[in-house]
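Notes for the one structure printed next.
All residue numbers in this chain count up from 1 along the given sequence.
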Amino acid sequence: MAAQNSSVTEFILLGLTDQPGLQMPLFFLFSSFYMVTVVGNLGLVTLIGLNSNLHIPMYFFLFNLSLIDFCYSTTIIPKMLKSFVSKQNIIMHAGCMTQLFFLCFFVISESFLLSAMAYDRYVAICKPLVYTVTMSLQVCLLLLLGVYVMGFSGALAHTGNIAGLTFCAKNLINHFMCDILPLLELSCNSTYVNELVVFVVVSIGIGMPIVTIFISYALIFSSILHIHSTEGKSKAFSTCGSHIMVVSLFYGSSAFMYLKPPSILPLEKGKVSSLFYTIVVPMLNPLIYSLRNKDVKVALKKTLGREIFS
């Protein structure tokens, strides 16, 4: 619902660019990105579901990562594509707040899920003898519950914070989605407290997982250094390689977007950063895990083999 002290009932998303010549090429480009994202993530979800040898904690978390990537790409891209083919990409105030809520929910959930995956790798490499007991189904479900609780709490805090702003007559969002910083810029009253809330919530949503990941990998690398065989070190590094790449891509782009003041990072450049973590990263994640993971490639060959044989 529109805020009681706001005269704005709808917003207009300005999109990525106002140059007519770029609209259709960008439409086809991001349509292809979305198709790759949907096929890659839902394909990985299906593959993990069909292959019993992938029913272990590592792939349990990867299953949820692919679901989250698919969901928050779907939250953003279809509405974004509309801006390339219509004169005005209008979104109602309630729709804008809904999009913001789900964007924050999926992004924060992914942040904490990546830290749970780092903890799983720590147990697998540093405590292999008790891995099955430590990462039991109950523990995995509790970790996943914590991931989604943190995602819901963060999304509720961000959405409540932005929904309380006064927008007066300003309704042109200089972005392709209802994101936090463009909406803060539209407010016609002081946003100091709101910006402080955003910084605190983002610091928790990014800071806590990053600390967990850093500690996990510090212990992992320390353990790897004590492995004498080159083959053992190589195998240990290979189990972490995909996760490290995904973590670097996700946190690099999201931290660059939200942990800098708008004066340092103009919204035009912020669009590129948010484009990266909302569209490019979800598209690359299944490719990274499938191309760099032997178990996934073997499972894919078996599944395709069964289908061809049938």
Is [Y] close to [X] at the side-chain level, that is, under 4.5 Å between some pair of heavy atoms?
X: F176; Y: L275; value: yes
X: V202; Y: H158; value: yes
X: N89; Y: F84; value: no
X: M177; Y: T75; value: no

Check: [X] side chain, [Y] main-chain N or O, donor-acceptor pair, under 3.5 Å:
X: N64; Y: F60; value: yes
X: H55; Y: I48; value: yes
X: N161; Y: N194; value: yes
X: T159; Y: L156; value: no
X: S111; Y: V107; value: no
X: S32; Y: F28; value: yes
X: S187; Y: F167; value: no
X: S153; Y: V149; value: yes

Nearest heavy-atom pair of [X] and [Y]: which atoms, and what distance?
X: A118; Y: I220; result: O-CD1, 4.3 Å
X: H93; Y: F11; result: CD2-CE1, 3.7 Å
X: K79; Y: I90; result: NZ-O, 2.8 Å
X: Q23; Y: S83; result: OE1-O, 3.6 Å
X: C178; Y: Q99; result: N-OE1, 2.8 Å
X: S66; Y: L44; result: OG-CD2, 3.4 Å

V139 and S136: CA distance, side-chain angles, deciding distance, side chain to side chain contact (heavy atoms under 4.5 Å, CB included) verdict = CA-CA 5 Å; V139 171; S136 63; 3.4 Å; yes
Atom pair [atom1]/[atom2] of [X] and [Y] - distance to nearest 0.5 Å:
X: C126; Y: Y119; atom1: SG; atom2: OH; result: 11.0 Å
X: E110; Y: C71; atom1: CD; atom2: SG; result: 11.0 Å
X: D69; Y: I279; atom1: CG; atom2: CD1; result: 12.5 Å
X: N174; Y: L181; atom1: CG; atom2: CG; result: 11.5 Å
X: C96; Y: F101; atom1: SG; atom2: CZ; result: 14.5 Å
X: M283; Y: F276; atom1: CE; atom2: CZ; result: 9.0 Å

Test ring-ring contact (aromatic ring centres under 6.0 Å, His included) on H243 and Y217; report intermediate values, then the result. CA-CA 11 Å; H243 184 256; Y217 275 106; 5.7 Å; yes
Would you say M24 has more than 12 foreign heavy atoms packed within less than 6.0 Å of its CE? yes
- prompt: When you look at CZ of F102, are more than 12 heavy atoms from neighbouring residues, nucleotides or ligands closer to it than 6.0 Å?
  reply: no
Under a 4.5 Å side-chain heavy-atom rule over Ile, Leu, Val, Met, Phe, Trp and Tyr, are [X] and [Y] clustered together?
X: V198; Y: I204; value: yes
X: M92; Y: I76; value: no
X: L67; Y: L103; value: yes
X: F221; Y: V247; value: yes
X: L142; Y: M208; value: no

Once the angle between the rings of Y148 and F105 is folded into 0 to 90°, is it parallel (under 30°), tilted (30 to 60°) or perpendicular (over 60°)? parallel
Tell me whether the centres of the aromatic rings in F30 and F33 are closer together than 6.0 Å.
yes
- Message: Please evaluate residues L186 and N171 with respect to the criterion side chain to side chain contact (heavy atoms under 4.5 Å, CB included), reporting the C-alpha separation (whole Å), side-chain torsions for both, the decisive distance (0.1 Å), and the verdict.
- Response: CA-CA 7 Å; L186 282 185; N171 70 338; 5.7 Å; no
| task | Would you sort out whether L143 and M135 count as a side chain to side chain contact (heavy atoms under 4.5 Å, CB included), showing the intermediate values? | result | CA-CA 10 Å; L143 285 172; M135 297 302 296; 4.0 Å; yes
L114 and Y251: side chain to side chain contact (heavy atoms under 4.5 Å, CB included), yes or no, with the steps? CA-CA 10 Å; L114 289 173; Y251 285 111; 4.0 Å; yes
Which of N285, L113, N41 passes side-chain contact (heavy atoms from CB on, under 4.5 Å) with I68? It is L113
